[in-house]
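Throughout, protein chains are lettered first and strands after them, A, B, ... in sequence-line order, and every chain is numbered starting at 1.
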Amino acid sequence: MALRAAVSANHQVGMGLAVKAFCSSFSSLPFSLPQSTTENPPPAESSTNLFVCGLNKRTTSEGLRNAFAKYGEVVHAKVVIDHASKVDSDHASKISKGFGFVKYATIQDAESGMKGMDGQYLDGWVIFVEYARPRAPFPQ
DNA sequence: ACTGAGCGG
């Protein structure tokens, strides 16, 4: 019974694409998506709302807007803050969760800013920009 | 406290 089954469990470098969830490096997938069944490729509903993730914990909304205002007019930029951080006193009681949202004036600006800031560095951390989900209290 | 995934009010 000298059968070598499972020669190598996992000998991959794992340095390529770690597609676990969002915040993927580039949207360019080396694999062909079997989405040829129906001709309806909705990669991401183009919206003025942009979801930015990978931000630094010290990055603030102004930093986001300042970084995204170079690619278009940012109507509103907001970084999600965690309310769990509460220090006795002093400031720095609230830090960002690491992601935020950027609202552009038009779709073209949003797309430009997304493709412009996607994969770039911000405060020493690589940020990723995607279209935010249609999460509006008022459905248009 | 902070760890790093994830879509806010």
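Contacts of A/Lys70 classified as salt bridge (Lys or Arg N to Asp or Glu O under 4.0 Å), with partners at least two apart in sequence or in another chain: none.
Counting non-hydrogen atoms under 4.0 angstrom, A/Gly54 reaches a base of the nucleic acid. Note on A/Leu50: nothing from the nucleic acid sits closer than 4.0 angstrom, heavy atoms only.
Looking at which nucleotide of DNA chain B each of A/Ile81 and A/Phe99 is closest to, the 5′-most match is held by A/Phe99. Position along DNA chain B of the nearest nucleotide to A/Gly98 versus A/Ala132 favours A/Gly98 as the more 5'-ward residue.
Inter-residue side-chain proximity for A/Glu111 and A/Tyr131 is flagged as met; some heavy-atom pair is nearer than 4.5 Å. Side-chain contact check for A/Leu55 versus A/Ile127: some heavy-atom pair is nearer than 4.5 Å.
We find that CG of A/Asp82 is positioned 10 Å from P of B/dA1, with the value rounded to whole Å. For the pair A/His76 NE2 and B/dG9 P, the computed distance is 11 Å after rounding to whole Å. Distance NZ (A/Lys103) to C1' (B/dG8): 12 Å, rounded to an integer number of Å. If you take CZ of A/Phe51 and P of B/dA5, they are 13 Å apart, rounded to a whole angstrom. Between the P atom of B/dA5 and the CZ atom of A/Phe128 lies a distance of 12 Å, rounded to the nearest Å.
Below the 3.5 angstrom threshold, one finds a donor paired with an acceptor across the side chain of A/Asn49 and the base of B/dG8.
Nearest heavy-atom pair, A/Gly100 versus A/Leu64, reported as atom, atom and distance to 0.1 Å: CA-CD1, 4.2 Å. Annotation for A/Asp118 and A/Phe128: closest pair OD1-CA, 3.4 Å, computed over non-hydrogen atoms.
Between A/Phe101 and B/dG8, a base-stacking contact is recorded: ring centres under 5.5 Å apart, planes less than 30° from parallel.
Screening residues 94-119 of chain A for ring pair (Phe, Tyr, Trp, His ring centres under 6.0 Å) gives A/Phe51-A/Phe99, A/Phe51-A/Phe101 as the qualifying pairs, with residues at least two apart or on separate chains.
Contact check of residues 56-65 of chain A against DNA chain B (heavy atom, cut-off under 4.0 Å) returns A/Asn56, A/Lys57.
Clustering ILVMFWY residues whenever any of their side-chain heavy atoms sit less than 4.5 angstrom apart, transitively, puts A/Val75 in a cluster other than the one holding A/Leu50.
For A/Arg133, whose side chain is taken as the heavy atoms from C-beta onward, the closest listed nucleotide among B/dG9, B/dC7, B/dG6 is B/dC7.
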